[in-house]
**Student:** 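Supplied in structure tokens, the structure appears directly below.
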Amino acid sequence: MLRKRQPTWIQRNSRFAIAAIATVGIVTTGYLTATRLLQAETICPIEGCDKVLESPYATIFGVVPLAAFGLLAYIAMLVMAIAPWILPEDSPKVQRSLFDEKTWLGLSIGATAMAVFSGYLMSIMIFEIQAFCLYCVVSAVAAISLFVLSLVGHDWDDFGSMGFRSVIIAAVTLVGSFALYAPLHADPDNPAGGFAISTQSQPANIELAQHLKTSEVAMYGAFWCNHCQTQKSLFGRQAFAEVEYIECDANGKNPQPARCQAAGIQSYPTWVVDGQQHQGVHSLEELAALSSYAGEADFGVE
């Protein structure tokens with residue numbers, strides 16, 4: 001008669017460890033989500049952190065903070081980790097065992113997807129944005145730790161089947177990640193540099209942009225700046241091609257960091273009109289008023 005294997009120390013305590021790590025992830029992503037939604041300043045202990053958090057990669061579809069999805073993922077992992085503990089003590093042993101197996105399946109799937117997606121984001125941070133974000137690294141380490149615990153923290157009956165399932169989930173997650181961020185790849189045909197502008201300009205937008213250029217009005221920004229991308233999208237692809245855009249980041253296309261420094265640029269985007277700085281995203285109507293534009297004002301994008 002075969003004796004059931006005794007669980008190892010890590011298997012006995014794995015749910016506690018997963019719950020603790022998920023809590024760290026909740027605190028980290030919760031803070032980033034809150035500051036983003038409240039438009040508050042994020043305290044960045046490491047230089048370059050703001051560059052990552054303000055990049056277009058920090059939002060989904062340019063609207064929802066990426067950290068919010070991370071927050072939901074960590075909450076789900078925490079719930080699955082502690083779920084068996086909330087079952088009534090008089091629950092049948094078969095029911096408790098089934099519940100334990102189902103939640104471990106969920107933990108395995110979730111941890112695999114989170115680890116792969118975090119790895120993809122780390123590659124973006126290092127090779128694309130070329131900056132360091134401590135919050136992002138903490139979240140990535142937490143996700144990878146959850147993945148490791150999902151492998152060794154449970155006595156899997158069929159480790160091979162579990163491994164094959166993880167490979168499939170990893171592949172699907174990776175393909176989904178590429179598809180999600182495909183619109184953000186650098187656009188070589190965009191004369192302003194940076195990420196592709198997906199909106200199309202109305203004729204009035206182009207007329208205003210030409211007026212701004214003639215009036216020597218310039219926009220200072222950085223290719224990674226999410227607010228700059230919003231400003232570009234308000235103009236549309238054709239109109240923004242007419243705007244005098246000054247790239248302040250040395251890693252951007254046609255960078256002019258010395259000009260930005262000489263102008264005393266402190267934040268992105270910054271418009272300089274008649275020698276006066278106007279920080280932040282401005283509507284086309286506001287820019288028209290600031291530059292004394294008197295042409296067609298039927299602004300919009302498609």
Side-chain angles (χ1 to χ4, degrees), residues 14 17-37 42 46 48-81 103-154 162-186 195-196 224 226 229:
S14 55
I18 290 173
I21 294 172
T23 301
V24 172
I26 289 172
V27 172
T28 304
T29 55
Y31 171 68
L32 295 180
T33 301
T35 54
R36 188 75 184 215
L37 294 178
T42 304
I46 302 295
C49 182
D50 55 339
K51 184 175 180 179
V52 177
L53 298 177
E54 284 294 326
S55 74
Y57 291 103
T59 58
I60 302 297
F61 307 121
V63 178
V64 183
L66 177 63
F69 287 91
L71 175 60
L72 294 176
Y74 283 116
I75 290 175
M77 295 296 285
L78 175 61
V79 170
M80 287 188 289
T103 52
W104 267 113
L105 176 62
L107 288 169
S108 173
I109 293 173
T112 301
M114 292 171 68
V116 172
F117 189 56
S118 293
Y120 172 76
L121 292 177
M122 286 297 98
S123 69
I124 291 294
M125 184 184 74
I126 296 170
F127 300 109
E128 189 80 22
I129 305 176
Q130 298 182 357
F132 183 82
C133 172
L134 182 60
Y135 298 109
C136 307
V137 172
V138 169
S139 181
V141 170
I144 294 172
S145 298
L146 291 175
F147 173 68
V148 173
L149 283 170
S150 73
L151 293 178
V152 303
H154 181 61
M162 189 277 293
F164 178 75
R165 181 177 61 246
S166 296
V167 170
I168 297 299
I169 294 169
V172 171
T173 302
L174 198 56
V175 171
S177 300
F178 286 134
L180 182 65
Y181 285 116
L184 294 183
H185 290 324
F195 299 98
W224 47 263
N226 187 55
Q229 185 68 14

**Student:** Can you name the nearest heavy-atom pair linking Y181 to Y57, along with the distance?
**Tutor:** OH-O, 3.0 Å
**Student:** Show the nearest heavy-atom pair for residues A131 and V52, with the distance to one decimal.
**Tutor:** CB-CG2, 3.7 Å
**Student:** How long is the span from the CE atom in M80 to the OG atom in S150, to the nearest 0.5 Å?
**Tutor:** 10.0 Å
**Student:** Main chain of G25, side chain of T28: is a donor-acceptor contact present, judged purely on distance under 3.5 Å?
**Tutor:** no
**Student:** Before you tell me yes or no, could you show the steps for F147 and L151 under side-chain contact (heavy atoms from CB on, under 4.5 Å), namely the whole-Å CA-CA distance, both residues' side-chain angles and the distance that decides it to 0.1 Å?
**Tutor:** CA-CA 7 Å; F147 173 68; L151 293 178; 3.8 Å; yes
**Student:** Please report the interatomic distance CZ(F132) to CG(L134), rounded to the nearest 0.5 Å.
**Tutor:** 5.5 Å
**Student:** Using the side-chain contact (heavy atoms from CB on, under 4.5 Å) rule, take T59 and V64 through it: C-alpha gap first, then chi angles, then the decisive distance, then the call.
**Tutor:** CA-CA 5 Å; T59 58; V64 183; over 6 Å; no
**Student:** Please tabulate, for the side chains in residues 164-172, all donor-acceptor contacts under 3.5 angstrom to protein atoms that are two or more places apart in sequence or on a different chain.
**Tutor:**
from : atom 1 : to   : atom 2 : distance (Å)
S166 : OG     : M162 : O      : 3.1

**Student:** Could you state the interatomic distance from CZ (F117) to CE (M122), rounded to the nearest 0.5 Å?
**Tutor:** 10.5 Å
**Student:** To the nearest 0.5 Å, how far apart are CH2 in W104 and CD1 in I109?
**Tutor:** 13.0 Å
**Student:** Could you go through S177 and T173, starting from their C-alpha distance and side-chain angles, then the distance that decides it, and tell me whether this counts as side-chain contact (heavy atoms from CB on, under 4.5 Å)?
**Tutor:** CA-CA 6 Å; S177 300; T173 302; 4.2 Å; yes
**Student:** About how many Å separate CG of L53 and CG of L32, when rounded to the nearest 0.5 Å?
**Tutor:** 5.5 Å
**Student:** What heavy-atom pair brings V24 and V138 nearest, and what distance separates the two atoms?
**Tutor:** CG1-CG1, 4.2 Å
**Student:** How about L149 and H154: do any of their side-chain heavy atoms sit closer than 4.5 Å?
**Tutor:** no
**Student:** With sequence neighbours excluded, what pairs up with T42 under the side chain to side chain donor-acceptor pair (under 3.5 Å) test?
**Tutor:** T35
**Student:** Counting N and O atoms only, with roles assigned by atom type, does the side chain of S118 sit under 3.5 Å from a partner on the main chain of A140, one being a donor and the other an acceptor?
**Tutor:** no
**Student:** Would L66 and R36 count as a side-chain contact (heavy atoms from CB on, under 4.5 Å) if you check the C-alpha gap in whole Å, the side-chain angles of each, and the deciding distance to 0.1 Å?
**Tutor:** CA-CA 10 Å; L66 177 63; R36 188 75 184 215; over 6 Å; no
**Student:** Measuring from L107:CG to I18:CD1, what's the distance to the nearest 0.5 Å?
**Tutor:** 5.0 Å
**Student:** Can you pull out every side-chain hydrogen bond (donor to acceptor under 3.5 Å, both in side chains) where at least one residue sits in residues 129-146? Sequence neighbours excluded, please.
**Tutor:** Y74-S139, Q130-N251
